[in-house]
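By convention in this document, chain letters (A, B, ...) are assigned in the order of the sequence lines, proteins followed by strands, and residues within each chain are numbered from 1. Predicted model only: the values in this text are computed from it and were never measured.
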Amino acid sequence: MKDDIIKAHLNLTAVLQNLEDLVQFDDDMAALTKPWDTSLQFTVLRGPKAFVEFKDGACRVRQGSHSNPSVKLFFFSPAHLNRMFAGNGTPIPLKGLTKLRFLTKAFSKLTNKLEYYLTPTDDRLKVTKYLELNTRFTLNTAVFAVKELVRLDPIAKTVASHIGNGRVLIKIMPDGPSIHLDFQNGDVLVKKGDTDRPMACIFMQDVRVANDFLYGKLDAFAAVAAGNVLIRGQTPMIDSISLILDRVPLYLK
Amino acid sequence: METFSYSKSQEFFSRAARVIPGGIYGHYSPAPLIPATHYPFYTARAEGARFWDVDGNEFIDYMCAFGPMIQGYQNSVVDHAAREQLKSGNLTTGASAVMVELAEYLTGLVSFADWAYFAKNGADVTNYATMIARDATGRKKIVMIQSGYHGAAPWMQVPGHHGLIEEDYYHIIRINWNDIEALEHAISENPNEIAGFIATPYHVPVFRDNEMPADGYWQKVEAICRQEGIVLIVDDIRHGFRLDMSGSNEYFGFKPDLLCLGKALANGYPISALLGTDALKNMAARVFYTGSFFFEAVPMAACLVNLRGLEEIQGPQIMQTQGKKLTDAMVDIARGYGFTLKVTGVPSMPYVRITDDESMMLHQDWCAECTRRGAYFTPHHNWFLSTAHTVQDIDQTLEIVDEAFQAVKKKWEDEKKFPFEKP
């Protein structure tokens, strides 16, 4: 049960936020969503809430409640939500019944594409565009998951309590993507993009190294020693983040 | 000054990474060396206070194999004793006579000690010490210092690390260093449950300044432990023989119940020791603890000669003097370039840090620039001096330090504009 709640939080934050980048970086999905002016509210009984908003060709995913969503989707338990994310469950629509076609057709196209990018195979990863997007989404999913685990997972919470204040930048060289975590008194904020004056940095040499690193195909210690992954600054912060990142697969496969 | 390259180290590493977890694991892992590519990974040979890597680069060594090399590599006296013992036998059926001689010597050298027990690594004896404490008191809990390091057994590691389960540290209470109130609080919260208190003579956390005991700290700890029936364990594995030949507790004026020694005991030969009071001798005998190689005679012979030699030349004083000469001059050089170099701990095992950059990237760069010019400096662990560090070694180090500050000053000014070094 506890695991279901954590997993639901991860699904509604760490996974769902990828829709923002999917709409931005996949041409087909950009074209699909460009005319959309709609919002979807996800509400889990005794669990997390989040909404997705499409407007002017952009997508915005936020935790909490939308002031006036076009569609309201209700889940009677965290497990119910998790089943939907696994492709085995159907939400209960509370509002926007006229938009069921949108949900089952257009919105499903979008979520199917996200699922495609989050389920790599060796063949798929041979395609540069796929590799880039899979890496971007995986990086962002993992780092946003850290934020949730610090709040919800007891061990991650313990580890985070020892992390000092400051920003940790994770960047794929040479030009990104990048993401950073801002630790303040045991709490953490996550933002996509670079940051000035980080306290610690992880630079991954290129997207291939980053992908192997993120999927555990690379011996992290060996990668650092060989210079394929460069760490700098307050490396105890990186050690702690790494311990929390290693807990993500306990909840998200 | 030429800067080094490490193509052969990297070649060995890439072979190693295929067949050894992490390539090089544990405290020898290159991961904390930043950037790792500026450091050598494999040593070809070593002599005195210097080693040569597989690429032929020569380094003045300020890690001394993380402490053990206290009289320098290939020390002729210690190595001769080891070779002579080897001729008679090393690991044999039946203990060696040199073991008795060594135990007698150590109990004479360390004033509070009535007995000595020998093992291999530091963690062997810190772990054994806690077992003795539990047996002696019939209690379960051990108090240790937050960020204290006593080895790699599960209970010693920081919660949350891989391979640990909650039960491993269920009976471990971590308190802050120099915090008597926290110790008293731990005792009042766990009445008659605390078996032992374990700490290093002064606090040596990685990545943070080392902290000396506050005035009267150890005396208060000693008094509390006596009053509460708690076994006082000093982990002198890292500090041992770099502060005082009679045990670092003597340096700070108190007496523990158990003293853990390792690292510098035998100038690189594998041996650790637990020394204790007569009151704990029977418990030490009845706690079953042993290892296949605990009875090796060669390290014992090396240990005996090494410690006698150190005692004769007053080794700790030599290292303190050389360390002070080095660190005082480094602080001055840093100041000349507009940087503040902070030195904590004792000069024979100083922890050095540039304080001008909170992220430590500047400090990491400086250590790397020194290393690739021949002074092997790790950025986030205390360094170690040995009696083999000569005036010439120190002088050459200071030249390297000066040039590294020049390099880093220029680079740092550039990096303020471009803070991210690309891999």
Please examine the side chains of [Y] and [X], heavy atoms only from C-beta on, and report whether any two atoms are closer than 4.5 Å.
| X | Y | result |
| --- | --- | --- |
| Val401(B) | Cys370(B) | yes |
| Leu133(A) | Phe25(A) | yes |
| Leu169(A) | Arg167(A) | no |

Inset, instruction - Specify which of Gln364(B), Gln146(B), His363(B) makes the most heavy-atom pairs with chain A at under 4.5 Å. - result: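 Ranked by heavy-atom pairs under 4.5 Å with chain A, first place is Gln364(B).
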Inset, instruction - Name the member of Pro21(B), Ser29(B), Gly23(B), Gly22(B) that forms the most heavy-atom pairs with chain A at distances under 4.5 Å. - result: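 Most heavy-atom pairs within the cutoff with chain A belong to Gly22(B).
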Legend entry - chain A contact residues among residues 160-178 of chain B, heavy-atom distance under 4.5 Å: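 Within residues 160-178 of chain B, the residues that come under 4.5 Å of chain A (heavy atoms only) are Gly160(B), His161(B), His162(B).
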Inset, instruction - Check whether any side-chain N or O of Asp357(B) sits under 3.5 Å from a backbone N or O of Met361(B) as a donor-acceptor pair, and report yes or no. - result: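 Yes: the side chain of Asp357(B) pairs with the backbone of Met361(B).
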Legend entry - Proximity of residues 212-226 of chain A to chain B, residues having a non-hydrogen atom under 4.5 angstrom: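 Counting heavy atoms that sit under 4.5 Å from chain B, the residues of residues 212-226 of chain A involved are Asp219(A), Phe221(A), Ala222(A), Val224(A), Ala225(A), Ala226(A).
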Legend entry - For chain B, the option from Val159(A), Asp206(A), Asp246(A) that forms the most heavy-atom pairs under 4.5 Å: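 The candidate making the most pairs under 4.5 Å is Asp246(A).
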Inset, instruction - Name the option with the most non-hydrogen atom pairs under 4.5 Å to chain B; the candidates are Thr235(A), Ile238(A), Asp239(A), Ile155(A). - result: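 Of Thr235(A), Ile238(A), Asp239(A), Ile155(A), Thr235(A) has the most heavy-atom pairs under 4.5 Å with chain B.
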With a 4.0 Å cut-off on N to O distance, would you call [X] and [Y] a salt bridge?
| X | Y | answer |
| --- | --- | --- |
| Asp194(A) | Lys171(A) | yes |
| Asp365(B) | Arg232(A) | yes |
| Glu369(B) | Arg373(B) | yes |
| Asp123(A) | Lys126(A) | yes |
| Arg151(A) | Glu148(A) | yes |

Legend entry - Geometric class of the Tyr6(B)/Phe4(B) ring pair [parallel <30°, tilted 30-60°, perpendicular >60°]: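 Ring orientation, 0 to 90° scale: perpendicular.
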Legend entry - Residue Tyr25(B) versus chain A: region with a heavy atom under 4.5 Å: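 Interface part for Tyr25(B): neither.
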Legend entry - Contacting region of Gln10(B) [heavy-atom separation from chain A under 4.5 Å]: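 Side chain only.
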Inset, instruction - Kindly confirm or rule out a cation-pi arrangement of Lys409(B) over Phe339(B), judged by NZ or CZ under 6.0 Å from the six-membered ring centre and within 45° of its axis? - result: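 Yes, cation above the ring, under 6.0 Å and within 45°.
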Inset, instruction - Could you tell me whether Phe384(B) and Phe66(B) have their ring centroids closer than 6.0 angstrom? - result: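 Not close enough - the centres of the two rings lie 6.0 Å or further apart.
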